[in-house]
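Chain letters run A, B, ... following the sequence lines, proteins first and then strands; every chain starts at 1. Every heavy atom of this structure was used, including side-chain atoms; hydrogens, water molecules and symmetry mates were not.
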Amino acid sequence: MADDSLIIYEEEINQIDSLISKMLKGAEAKCALLVDKDGHLITRQGFTHSLDTTALAALLAGSFASTKEIARLVGEPEFSVLFHQGKKDHIHMSLVGDRSILVVIFDDRTTIGMVRLYAKETAIELGKIFEKIKEQSFDKSKAGITNDFASQAEDKLDDIFQD
Amino acid sequence: MVSINYSSREVCCKIVYYGPGLSGKTTNLLYVHSKVPSDTRGKMISLATEADRTLYFDFLPINIGTINGFAAKFQLYTVPGQVYYNATRKLVLRGVDGVVFVADSQPDKMEENIESLINLEENLREYGYDISDLPMVIQYNKRDLPGVLPIETLNAKLNTRGLPHFGASATLGNGVFDTLKLIIKLVLEKAKRSASDRAQPSVNLAPGSAAEPATPAPPATPAPQVASTDEPEPEPEPMAPYPEPAPEESVPAAPSTVDPVTSEVKDDDTGRLPGRATQPVSVGVGAPSAEATSTDPEPTTYRPYPGSEEGPQDFEKKVSSANFTPKKMEEPDDDDSVSNRIRSSSGGDADVSRPAMAPSLKKRGDNKKRGFIKRLFGIK
Ligand SMILES: Nc1nc2c(ncn2[C@@H]2O[C@H](COP(=O)(O)OP(=O)(O)O)[C@@H](O)[C@H]2O)c(=O)[nH]1
Ligand SMILES: [Mg+2]
């Protein structure tokens, strides 16, 4: 697991983004995030400008993880869907493949039923893309972390972290 | 695990501060939060109990800038140290790229340090990590206190693997950045190794080797994609318009309910990472957007720091009392103007006077949808 890095290329992100934005239109939802179970944001679509998506990703992944633990305690393998109902905005989360979470934020312009329907379809499609990503071999020519990455980072660190 | 996104050109790594309860993990993050430039870090989030003890995790995202065309981002987490929180502790460890073990240098804490270290290794093993291959730094904290054990004694008991270590005093800030810089460096070196191992194991370095490959590094960074560098956000036109709130909207500061679980350290600025259109959003789970907050007649979404009666200002005091530069609270926005703006601009038939409600089938008057929803729920 430790070496199982998530590496996503332009191409897949474009496919993922277009699936998600299709879902948003269909479900009339506000925005969607695709979050890694580790808390990293993979991508986002729709009206996310006002959101702190970094924090959201971490917290949503955390809440999904703790729900999974709850599931285990009551004898379920995993709750595949989570729903938070607010006064005005609501959050629907569903599992994509085995390591990502599709998060849809919506309000009263639509309904939980619509969102659930579209999210389910989209999660299946996204799952296929992730399967493909998993099988792909790493393309070194695109490698971003080169040999001098760490040493270049070091200079920056000294600038940033000054007591 | 390191996540590399070639579309948004981000490398994202997860670093977890581990250790027994009250060893100073949260204090480490608070110090980092208070000292790094505000464009380098995001908001710090604490999921804590009434008594300020970490319940689930603290979270602080930092962005050290662009290296080789990639934004290098680090997510710093702490875990709750108390023995009985192992379930949540383990969850936070998921996908970790580097661990800082914060040990308490006081003699009477040795047992707890050892117990926590064993627990760390157990949890990592359960996730399938090779412990010897995971970047790790030990921090011997609270060096400012009288009667602390000498570093050699601590090393003998806690550092049998000969890991890099620092003495520190997180409240004063000593050693905090040294620790962080080293763990970041180790994580990046490891990430590089894994990346090259994955590509061409035969040509590349054995893990730990300092030698560089004979072949020159490949041109690693294709020109940044204009459309998708940092803001992969189209404006999906055909939808009913969702108005964007003004970028500087703030969260109402006066709390009316106290939720002990969620809090955040407010920034003096918007706490945004470079290039990110983030803004101060109350991050209580279930308060997903600033819009939600601003349309609430009662601003209930700001969670005061746990245990505080007075709300966020009280937490600011706590921060400053622990030698952190106090940050000014943001002024709450004028609720009405914001909510009216949102309501009135949200399409012709938006019902301005309608109270905010949970979605319900009844409420959706338009018949076209209803038929569909009936089908959806199998209503005859
Ligand atoms: N004297 C001293 N106190 C510290 C130091 N680091 C943390 N503390 C205090 O120890 C207590 C627990 O710290 P905290 O960061 O909440 O511990 P955590 O449980 O590991 O997150 C707080 O009262 C801190 O002020 C230190 O270096 N020296
Ligand atoms: Mg803590």
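- Proximity to chain A (any heavy atom under 4.5 Å) is shown, for B:I64, by both the backbone and the side chain.
- The main-chain N or O of B:K90 is found under 3.5 Å from a side-chain atom of B:Y127 such that the two form a donor-acceptor pair.
- In this structure, A:K37 contributes its side chain and A:L95 its backbone to no donor-acceptor pair below 3.5 Å.
- Atoms CD1 and CG, on B:I184 and A:L157 in that order, are 5.0 Å from each other to the nearest 0.5 Å.
- Neither the backbone nor the side chain of B:L186 comes within contact range of chain A; no heavy atom of the residue lies under 4.5 Å from a heavy atom of that chain.
- Residue contact with chain A, scored on non-hydrogen atoms closer than 4.5 Å, involves the side chain of B:Q75 exclusively.
- In this structure, A:T111 contributes its side chain and A:M114 its backbone to a donor-acceptor pair below 3.5 Å.
- Looking at heavy atoms from C-beta onward, A:L56 lies out of side-chain contact with A:L41 at the 4.5 angstrom threshold.
- Between chain A and the residues B:L93, B:L180, B:T88, the largest count of heavy-atom pairs under 4.5 Å involves B:L180.
- A:D155 does not touch chain B: none of its heavy atoms, backbone or side chain, sits under 4.5 Å away.
- In this structure, A:D108 does not pair ionically with A:K88, as no charged nitrogen and carboxylate oxygen lie closer than 4.0 Å.
- In this structure, A:D107 contributes its side chain and A:D89 its backbone to no donor-acceptor pair below 3.5 Å.
- Contacts of residues 67-74 of chain A with chain B at a heavy-atom distance below 4.5 Å involve A:E69, listed in sequence order.
- Rounding to the nearest 0.5 angstrom, the gap separating the CZ atom in A:F130 from the CD1 atom in A:I42 is 4.0 Å.
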